[in-house]
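The figures here come from the full heavy-atom set of this structure, side chains too, leaving out hydrogens, waters and symmetry mates. Numbers for residues simply follow the sequence, beginning at 1. Model, not experiment: these values are computed from the prediction.
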Amino acid sequence: MQSIPMKITYFWAKLRSMEEFVIEVLETTHPAVLKFEANQPLVTRGNYEYKNIDEAKDSPLAQQLFYLPFIKAVYISGNFIALERFDIV
C-alpha cells in the first residue's frame, strides 16, 4: 500500500478545514457608505477606522482598498467592512 505524500495530506487537511465565506452587500442610511457583511468574523477584536493609506499600514486589506481612487475611508469591525466613497463618484 502506498502512503500519501505529506504535502498532499497537509493540503487536503487545510482544504477541508477552510470555511466558505459568503459576502452580502448592504446599503446604509448614509448614501456614500456601502457595507459588506460576511457570514463569519473578519476580525476577532476591536473596531478599525482608516481615513487614508498611511493609517492603514497594519491592515493589508484596507491598504489595498485605498488604491481604489474613490475610497475615502475604510471601517472594519466584527463581520463587516464598510467603505465610504468620495462624492465625486
Side-chain angles (χ1 to χ4, degrees):
M1 179 177 200
Q2 284 186 312
S3 64
I4 299 173
M6 182 60 95
K7 286 183 181 180
I8 293 174
T9 305
Y10 173 76
F11 174 75
W12 177 249
K14 191 79 168 157
L15 184 62
R16 285 185 21 210
S17 70
M18 294 175 66
E19 294 183 37
E20 183 177 296
F21 269 84
V22 176
I23 307 291
E24 186 176 359
V25 181
L26 305 169
E27 292 182 358
T28 67
T29 56
H30 191 295
V33 177
L34 195 57
K35 184 176 177 180
F36 298 83
E37 191 172 285
N39 65 332
Q40 54 187 300
L42 302 172
V43 294
T44 55
R45 293 187 181 144
N47 303 313
Y48 304 92
E49 178 177 345
Y50 305 105
K51 297 290 187 180
N52 59 55
I53 197 167
D54 294 326
E55 287 183 7
K57 67 181 178 212
D58 295 331
S59 174
L61 174 59
Q63 281 185 327
Q64 291 300 309
L65 290 168
F66 278 111
Y67 284 110
L68 299 169
F70 51 85
I71 297 297
K72 182 177 181 179
V74 176
Y75 309 95
I76 303 173
S77 180
N79 69 328
F80 78 87
I81 296 173
L83 303 177
E84 184 176 358
R85 64 177 172 81
F86 286 107
D87 290 332
I88 58 173
V89 179

Report the distance from atom [atom1] of [X] to atom [atom2] of [Y], rounding to the nearest 0.5 Å.
X: Gln64; Y: Ile53; atom1: CD; atom2: CD1; value: 7.5 Å
X: Ile23; Y: Leu42; atom1: CD1; atom2: CG; value: 6.0 Å
X: Ile76; Y: Leu83; atom1: CD1; atom2: CG; value: 8.5 Å
X: Asp87; Y: Lys72; atom1: CG; atom2: NZ; value: 6.0 Å

Note to self: Donor-acceptor check, side chain of Asn79 to backbone of Asn39, threshold 3.5 angstrom: yes or no?
What the structure shows: no
Note to self: Holding to salt bridge (Lys or Arg N to Asp or Glu O under 4.0 Å), I want the full list of residues that pass it with Glu49, two or more places apart in sequence or in another chain.
What the structure shows: Lys51
Using the rule that two of Ile, Leu, Val, Met, Phe, Trp, Tyr join whenever any of their side-chain heavy atoms come within less than 4.5 Å, decide whether [X] and [Y] are in one cluster.
X: Val25; Y: Val33; answer: no
X: Leu34; Y: Ile81; answer: yes
X: Tyr48; Y: Phe36; answer: yes

Next item on the list: Could you pull out all residues at least two apart from Lys35 that satisfy side chain to side chain contact (heavy atoms under 4.5 Å, CB included)?
Entry: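 Lys35 satisfies side chain to side chain contact (heavy atoms under 4.5 Å, CB included) with Leu26, Thr28, Glu37, Phe80 only.
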Note to self: Restricting to non-hydrogen atoms, name the atom on Val43 and the atom on Gly46 that form the minimum distance, rounded to 0.1 Å.
What the structure shows: CG2-O, 4.0 Å
Next item on the list: Please report the closest heavy-atom contact between Tyr50 and Phe66, naming both atoms and the distance.
Entry: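 Shortest heavy-atom separation between Tyr50 and Phe66 comes out as O-CZ, 3.4 Å.
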